Amino acid sequence: MSPDDRYYITTAIAYANNRPGLHTLYEVVGADVLARWHRMKGDRTRFLTGIDEHSVNIAQRAAELGTTPKAFVDENVALFKTAEDALLISPDRFIRTTDPDHIRAAQEMVRRAYANGDIYVGDYEGWYCPAEGFKAPSDVLETAQGTRCPNHPTVDLQWLSEHNWFLRLSAYQERLERYFEEHPDFVQPDYRRNEMLGFIRGGLEDFSISRSGASWGIPFPIMPDGSSAQLSDGSWNPEAGTIYVWYDALINYVTGAGFPDDKEAFERWWPADLHVIGKDIARFHTIYWPAMLWSAGLEAPRRVWVHGWLLAQGERMSKSLGNFLDPVDVVRTLGPDGTRYVSLREVPFDRDADVSWDSFVRRYNTDLANNFGNLLNRTVSMVNRYLEGSRPAPSRGSLQVAWMHALPAYREKLEACQLSEALAALWDFVDKANREVDLEQPWVLAKEAKAGVEGKSEYLGHVLGDLVEACRLIGLAVAPFMPTAAPRILAQLGYEYSYGADGNGGAPVLPLLEWEAGFVPGGRVAAAEPLFPRLETEAATPAAG
RNA sequence: GGCGGAGUAGCUCAGUGGUAGAGCAGGGGACUCAUAAGCCCUUGGUCACAGGUCCGAAUCCUGUCUCCGCUACCA
């Protein structure tokens with residue numbers, strides 16, 4: 001993955017305008033799984049997620065509520081943190097674009113672009129809503145009364161032109177094409193890469209990076225004549241305007257790596273190994289962002305993964321449509337482990353997929369309660385019943401052979417960000433283990449052994465030893481997806497679990513995922529206790545739907 | 001409009017030249033260690049449509065229809 005043993009992974013930062021739905025945090029859960037996997041492997045891992053807090057929309061919304069922008073975003077950040085805690089998200093830093101070091105980082109990136117001759121003052125023109133600010137062409141309505149702002153339909157829009165700073169994106173076209181060609185894995189999945197490459201080849205235009213009207217943003221550090229916008233008292237000249245959108249939001253990835261203050265940290269963590277983002281912002285992350293970094297003399301990220309949407313009956317889940325799932329509700333029903341598993345198993349990480357309470361509960365019951373949960377339960381029960389709880393050693397049977405195929409498949413899919421397929425590969429092995437129980441019929445072996453039939457006692461030990469080992473391997477392998485279930489699985493099998501709450505601090509996991517490698521002789525299993533109680537569909541459906 | 005992708009069992013999808021597959025959902029059965037879970041068997045598809053190439057096409061070619069993604073300044 002990474003040429004060294006460190007792994008720096010980020011999510012996009014969510015917009016702080018509301019409480020989060022599961023469709024928003026889905027990306028964070030996926031990235032969290034990858035971060036935990038790398039931590040457990042022993043990589044020095046840094047996982048960054050956070051919140052985007054600036055913009056005229058935020059300021060406007062706060063004003064409507066009679067509060068300050070800062071107080072408004074503080075409230076939403078608290079809601080995000082509550083939901084992320086419920087989902088067991090384990091960031092090494094939760095970044096906010098109002099953090100002082102981020103403000104310094106964004107300003108420094110602008111200064112570097114200026115020093116490199118990549119930004120210039122130009123004219124930005126477009127529709128301007130007096131109540132809100134400039135509106136993108138895609139964000140205005142054409143009505144019988146003319147062009148209107150969707151948020152303020154009674155206000156007349158004005159066609160305005162203002163002096164703004166622009167980044168010479170056009171100067172980076174050739175370098176971008178070359179970077180895409182030399183790094184075929186830079187943008188994944190492939191069809192997103194092709195779309196972005198097509199966009200680059202179609203010709204790149206410069207884009208504006210400042211706004212003069214907005215006050216809720218990072219002060220632009222440079223005056224039009226190139227002098228510093230910082231005043232003698234340390235404050236910023238409002239005439240310079242603020243940094244606009246991408247030179248604020250995207251910068252969080254370098255801020256989170258230590259830029260510009262902590263050179264040692266930045267040296268260690270940059271470039272990022274993986275940005276996990278949604279498909280709506282692919283262009284900004286794969287085209288604008290590398291150009292911005294190069295302009296500052298920094299490296300482009302190594303890989304960008306573009307995921308799809310969670311849909312409800314074919315429509316994108318969203319707050320405005322009201323067709324979203326509240327993560328706290330889902331966690332209350334499925335548990336944090338169940339919610340993480342089901343979200344990432346039901347939705348392929350590379351494209352959109354329909355989800356619903358019904359599909360989540362069905363998946364939970366099938367995969368967790370019936371298949372894996374029951375496998376663990378029947379295995380532990382049989383060891384208790386037939387072997388007085390004494391944990392038998394694994395043998396070298398067909399389950400070992402199956403595991404030799406399942407583990408590489410799981411790893412390969414996981415490290416390719418194909419999270420649902422990784423789980424599918426692991427659950428093929430769960431199914432194999434369940435079939436093994438019915439094939440070997442340990443209850444028959446136990447009767448034969450009790451009756452003194454030659455070799456049956458030893459064979460029963462092999463069969464149950466293989467099943468215990470299968471459960472240990474599954475429980476350990478799935479730990480990034482199910483961080484609190486994993487130690488409980490291992491505990492039922494009588495094993496220690498050495499990883500901390502965020503996946504750090506344990507022994508490197510890969511050697512422990514070898515068949516029989518983690519077996520400790522002389523152990524005892526605990527009492528069997530259902531890990532994932534089966535849910536009744538109706539009881540599990542919240543009244544709100 | 002341009003570029004790209006997809007149309008296969010009720011649902012989600014795999015399957016790129018050789019007698020149509022998986023999971024879930026539905027039906028039946030044998031068992032009993034287990035969370036009435038698990039296991040076995042099974043219903044179900046003129047593989048969008050029409051031509052063509054080939055001994056042979058879901059798979060290659062042409063055309064048609066339908067759907068989806070990208071096609072620049074939302075955080």
Side-chain angles (χ1 to χ4, degrees), chain A residues 12-18 51-58 61 97 124 126 132-140 150-151 164 166-167 169 190-192 194-209 211 217 244-249 279-284 287-288 306 308 314 345-348 351-355 358-359 362-363 365-386 420-421 424 427-428 430-431 433-446 460 463-464 467 528-535:
Chain A
I13 48 175
Y15 193 32
N17 66 340
N18 211 327
I51 295 287
D52 188 5
E53 308 188 39
H54 293 127
S55 86
V56 287
N57 294 320
I58 294 281
R61 184 79 188 117
T97 54
Y124 178 83
E132 202 173 329
F134 275 97
K135 305 291 292 182
S138 59
D139 201 25
V140 293
N151 301 329
N164 283 324
F166 282 74
L167 177 76
L169 183 64
D190 285 343
Y191 74 101
R192 294 294 176 199
N194 293 339
E195 286 174 0
M196 293 304 110
L197 195 48
F199 185 87
I200 295 168
R201 287 177 173 151
L204 298 176
E205 297 170 12
D206 299 345
F207 64 95
S208 60
I209 66 165
R211 282 292 182 273
Y244 182 59
V245 189
W246 303 113
Y247 254 91
D248 179 347
K279 63 184 186 180
D280 52 337
I281 50 179
R283 196 171 65 233
F284 309 113
I287 298 173
Y288 286 24
V306 183
R345 180 65 186 83
E346 277 293 285
V347 186
R351 60 190 164 193
D352 299 354
D354 251 303
V355 301
D358 198 49
S359 70
R362 189 163 50 222
R363 178 65 75 176
N365 279 338
T366 300
D367 286 12
L368 297 184
N370 298 351
N371 290 353
F372 178 59
N374 187 51
L375 172 68
L376 176 71
N377 195 239
R378 67 201 305 209
T379 297
V380 173
S381 293
M382 286 189 286
V383 172
N384 276 314
R385 184 188 281 221
Y386 301 141
S420 66
E421 293 182 35
W427 253 251
D428 281 346
V430 171
D431 293 341
N434 267 320
R435 284 196 298 274
E436 196 72 4
V437 176
D438 288 83
L439 185 69
E440 299 292 356
Q441 304 185 86
W443 49 94
V444 173
L445 294 172
L460 173 62
V463 170
L464 294 181
L467 290 169
E529 185 187 342
L531 257 187
F532 303 105
R534 192 179 162 80
L535 299 169

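Convention: sequence-line order gives letters A, B, ...; per-chain numbering from 1. Remember, it's a predicted structure, so these values are computed and weren't measured experimentally.
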Close side-chain approach of A:Phe284 to A:Val245, heavy-atom, < 4.5 Å: no
Across all strands shown, which nucleotide pairs with B:G18 by Watson-Crick or G-U wobble geometry, both distances under 3.5 Å? B:C55
Atom pair distance, as rounded to whole Å: CE in A:Met196 and P in B:G5: 15 Å
What does A:Pro442 touch in the nucleic acid at a heavy-atom separation under 4.0 angstrom: a base, only the sugar-phosphate, or nothing? nothing
Does A:Trp443 stack onto the base of B:C33, taking stacking as ring centres under 5.5 Å apart and planes under 30° apart? yes
Can you tell me the distance, in whole Å, between the OH atom of A:Tyr386 and the P atom of B:A34? 7 Å
Atom-pair distance (CD on A:Glu195; P on B:G4), nearest Å: 12 Å
Remember a base hit wins even if backbone is also touched, and classify A:Leu439 as base, sugar-phosphate or nothing at under 4.0 Å, heavy atoms. nothing
What integer distance in Å separates A:Asp358:CG from B:G10:P? 19 Å
For RNA chain B, what residues of residues 367-374 of chain A have any heavy atom nearer than 4.0 Å? A:Ala369, A:Asn370, A:Asn371, A:Gly373, A:Asn374
Separation between CG (A:Leu204) and CG (A:Leu169), nearest 0.5 Å, reads 4.5 Å
Strictly distance-based, threshold 3.5 Å: is any side-chain N or O of A:Asp352 a donor or acceptor partner for the main-chain N or O of A:Gly308? no
Which nucleotide in the set B:U35, B:G38, B:A72 lies at the smallest distance from any side-chain heavy atom of A:Asp438? B:G38
For B:C24, which nucleotide is its Watson-Crick or G-U wobble mate, given both distances must be under 3.5 Å? B:G10
Under 4.0 Å between any heavy atoms, over every strand shown, what does A:Gly203 touch: base, sugar-phosphate, or nothing? Just pick one. base
In whole angstroms, the gap separating P of B:C70 from CZ of A:Arg283 amounts to 10 Å
Can a donor-acceptor pair be found, under 3.5 Å and without considering hydrogens, that links the side chain of A:Trp427 to the backbone of A:Asp367? yes
Take A:Leu376 and A:Leu531, measure what side chain to side chain contact (heavy atoms under 4.5 Å, CB included) needs, and give me the verdict at the end. CA-CA 8 Å; A:Leu376 176 71; A:Leu531 257 187; 3.6 Å; yes
Using atom C1' in both nucleotides, what's the gap between B:A25 and B:A9 to the nearest angstrom? 11 Å
Would A:Phe532 and A:Asn374 satisfy side chain to side chain contact (heavy atoms under 4.5 Å, CB included), going step by step from the backbone distance to the final call? CA-CA 9 Å; A:Phe532 303 105; A:Asn374 187 51; over 6 Å; no
B:U12 and B:G18, which share atom name C1', separated by this distance in whole Å: 28 Å
Just to verify, which of A:Asn434, A:Leu439, A:Asp438 counts as forming a side chain to side chain contact (heavy atoms under 4.5 Å, CB included) with A:Glu436? A:Leu439
With the side chain defined as heavy atoms from C-beta on, A:Gln441 is closest, among B:C31, B:C33, B:C24, to B:C31
Protein-nucleic acid N or O pairs under 3.5 Å, nucleotides 13-15 of chain B:
none

May I ask which nucleotide in the shown strands pairs with B:G44, Watson-Crick or G-U wobble, both distances under 3.5 Å? none
With C1' as the reference atom in both, quote the distance from B:C40 to B:C31 in angstrom, rounded to an integer. 10 Å
Atom-to-atom span, OH of A:Tyr244 to C1' of B:C73 - whole angstrom: 6 Å
RNA chain B: A:Ser208 or A:Tyr191, which has the more 5' nearest nucleotide? A:Tyr191
Rounded distance (Å) that lies between atom P of B:G5 and atom NZ of A:Lys279: 17 Å
Just call it for A:Phe199: base, sugar-phosphate, or nothing, with non-hydrogen atoms closer than 4.0 Å on any strand. base
Would you mind pulling out the nucleotide paired to B:G69, Watson-Crick or G-U wobble, both distances under 3.5 Å? B:C3
Counting the atoms with a prime plus P, OP1 and OP2 as sugar-phosphate, which does A:Ile281 contact under 4.0 Å by heavy atoms, base, sugar-phosphate, or nothing? base
Base partner of B:A36, which must satisfy Watson-Crick or wobble distances under 3.5 Å: none
Selection from B:G38, B:A72, B:U35 that lies nearest to any side-chain heavy atom of A:Arg378: B:G38
Assign the ring pair A:Tyr288 / A:Trp246 to parallel, tilted or perpendicular, where the plane angle (0 to 90°) is split at 30° and 60°. perpendicular
Look at the side-chain N and O atoms of A:Arg192 and state whether any lies under 4.0 Å from the OP1 or OP2 oxygen of B:G5. no
Apply side chain to side chain contact (heavy atoms under 4.5 Å, CB included) to residues A:Arg362 and A:Asp358 and explain how you reach the verdict. CA-CA 6 Å; A:Arg362 189 163 50 222; A:Asp358 198 49; 3.4 Å; yes
Check whether any side-chain heavy atom of A:Met382 sits under 4.5 Å from a side-chain heavy atom of A:Val437, and report yes or no. yes
B:A22 and B:C73, which share atom name P, separated by this distance in whole Å: 48 Å
Pairwise C1' distance for B:G10 and B:U16, with rounding to whole Å: 27 Å
Verify the contact: side-chain N or O of A:Arg534 to OP1 or OP2 of B:A37, cut-off strictly under 4.0 Å; return yes or no. yes
For nucleotides B:C65 and B:A50, find the distance between their C1' atoms and express it as a whole number of Å. 11 Å
Check for a donor-acceptor pair, side chain of A:Asp354 on one end and backbone N or O of A:Gly314 on the other, with a separation under 3.5 Å. yes
Residues forming a side chain to side chain contact (heavy atoms under 4.5 Å, CB included) with A:Asn377, sequence neighbours excluded: A:Ser381, A:Ala528, A:Pro530
Check: A:Ala14 main-chain N/O paired with A:Asp52 side-chain donor or acceptor under 3.5 Å: no
May I ask you to say what A:Asn194 touches in the nucleic acid, namely base, sugar-phosphate or nothing, with a heavy-atom cut-off under 4.0 Å? nothing
Provide the Watson-Crick or G-U wobble partner of B:C49, both distances under 3.5 Å; none if there is no partner. B:G63
Taking the same atom, C1', in B:C11 and in B:U43, what whole-Å distance lies between them? 16 Å
Roughly how far apart, to the nearest Å, are B:A6 and B:C13 at atom P? 13 Å
Please work out if A:Leu531 contacts a base, only the sugar-phosphate, or nothing of the nucleic acid, heavy-atom cut-off 4.0 Å. base
Side chain of A:Ser381, base of B:C33: donor and acceptor closer than 3.5 Å? no
Euclidean distance, atom CG of residue A:Asp428 to atom P of B:G38 [Å, nearest integer]: 15 Å
